[in-house]
Protein chains: 2
Amino acid sequence: MENRHPARPAAPTGPCAAWPAEKGETIRQIVERAGDKWTVLVVSALHAGPLRYTDLQRSVPGISQRMLTHTLRQLRRDGLVTRTAYAEVPPRVEYELTPLGASLIAAVTALIDWAGTHHDEIHAHCARFDDAEPAS
Amino acid sequence: MENRHPARPAAPTGPCAAWPAEKGETIRQIVERAGDKWTVLVVSALHAGPLRYTDLQRSVPGISQRMLTHTLRQLRRDGLVTRTAYAEVPPRVEYELTPLGASLIAAVTALIDWAGTHHDEIHAHCARFDDAEPAS
DNA sequence: CTGTATCCGACTGGATACTG
DNA sequence: CAGTATCCAGTCGGATACAG
């Protein structure tokens, strides 16, 4: 009743105004951000050290320019990465992880660790379920 | 080059066949699953104990039947929750978290904990960025 | 009560082409 | 090299109606 929104009131890709939601919603935002495919991959790639735009593209196979740019901007906006542009003839831009960004890796690692640990279990249950109910 | 897929090769909502990807892709699947808004909320609700379908709907405000059913099925498929149907005149179905599902909470909690800890930092950086570059 | 099926709008994200 | 803009298909997800 109180929610008349036809869709989501806040867009993750939108302006900063998306954040001031309540704590519960904030967590959802964070999880969506941190759980984002490209965010995780880019942050992981940056974990090894600073990288240039094109190097980043090579470090994250399959990412499009659109998504790389988009993800980097979000990451910058949230203070997870820094952008350093060198005003040289061949333009050079380096992206580096901030301590905040580095701290995210620890949390994500827990999830990845869980994934690795229980991957077989999930697959086993999945196969069993699929075998039990093949025709929906 | 080697990827000619016009879109995602594996759908998270699709059949079990989505899993047998390589380790890197598997992690992505897990993160997407675990990072899903409704998955987290439903698992959290179930953490307190077994719940019926309608109780689940009430415990997760804003979820639609479509998404509740959908999420529940995925969770069952992955072996994170169990479904127990009682063949009674008023049909009763209870969903309960498996140990595997309970273990996921620990991993997600790490992420939520990170969110809570650095929420202010992110917000601060966000506001600063927004202030520094208002006109895109 | 416990779902399932369909319609349909909104957002995601890849491909491509073009600018500084 | 670094980034932006547009097009467009696929997917998500809510509302609704209906079935077991």
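The sequence lines fix the lettering, A, B, ..., with proteins before strands; numbering per chain opens at 1. These values consider heavy atoms only, across backbone and side chains, with no hydrogens, waters or symmetry-generated copies.
Inspection of the Thr84(B) and Tyr95(B) side chains reveals no N or O donor paired with an N or O acceptor under 3.5 Å.
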- request: Report the C-alpha separation of Leu68(B) and Val60(B) in whole Å, then their side-chain angles, then the decisive distance to 0.1 Å, and conclude whether the side chain to side chain contact (heavy atoms under 4.5 Å, CB included) test is met.
  value: CA-CA 9 Å; Leu68(B) 179 55; Val60(B) 184; 5.8 Å; no
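Listed by residue number, the members of residues 86-98 of chain B with any heavy atom below 4.0 angstrom from DNA chain C are Pro91(B), Arg92(B), Val93(B), Tyr95(B).
Remark: P of dT6(D) and NE2 of His70(A) are 16 Å apart, rounded to the nearest angstrom. One can place CD of Gln65(A) at 16 Å from P of dT6(D), the figure rounded to the nearest angstrom. Straight-line distance from the CD atom of Gln57(B) to the C1' atom of dA15(D): 13 Å, rounded to whole Å. What separates CG of Leu68(A) from P of dA5(D) is a distance of 16 Å, to the nearest Å. What separates CD of Gln74(B) from P of dT11(D) is a distance of 14 Å, to the nearest Å. Spacing between atom NZ of Lys37(B) and atom C1' of dC12(D) amounts to 11 Å, rounded to whole angstrom units. In this structure, Ile63(A) atom CD1 and dT16(C) atom P are separated by 17 Å, rounded to whole Å. Between the C1' atom of dT4(C) and the CZ atom of Arg83(B) lies a distance of 12 Å, rounded to the nearest Å.
For the helix from dC1(C)-dG20(D) to dG20(C)-dC1(D), the rotation axes defined at the first and last 5 base pairs enclose an angle of 40°, given to the nearest 10°.
Under the 3.5 Å distance criterion, the side-chain polar atoms of Thr98(A) are matched with a main-chain donor or acceptor of Gly79(A).
Of all the heavy atoms in Pro91(B) and Arg52(B), the pair that sits closest is O-NH2, 3.8 Å. Closest non-hydrogen pair, Trp114(A) versus Ala107(B), comes out as CB-CB, 3.9 Å. Nearest heavy atoms, Thr71(A) versus Val42(A): CG2-CG2, 4.1 Å. Across Ala45(B) and Leu51(B), no two heavy atoms sit closer than the pair O-CD1, 3.8 Å. Taking both residues in full, the closest heavy atoms of Trp38(A) and Met67(A) are given as NE1-CG, 3.7 Å, listed atom of the first, atom of the second, then distance.
Under the side chain to side chain contact (heavy atoms under 4.5 Å, CB included) rule, Leu104(B) has a single partner from Leu75(B), Leu80(B), Leu97(B), which is Leu80(B).
Counting only heavy atoms from C-beta on, Met67(B) has its side chain closest to dG13(D) among dA17(D), dG13(D), dT4(D). Residue Arg73(B) places its side chain closer to dT4(C) than to any other of dT4(C), dT16(C), dC1(D).
For the pair Thr69(A) and Ser64(B), both in contact range of DNA chain D, the more 5′-proximal nearest nucleotide belongs to Thr69(A). Residue order along DNA chain C, read from the 5' end via each residue's closest nucleotide, puts Tyr53(B) first among Arg66(B) and Tyr53(B).
Using a 4.0 Å heavy-atom distance criterion, Thr54(A) is classed as a sugar-phosphate-only contact.
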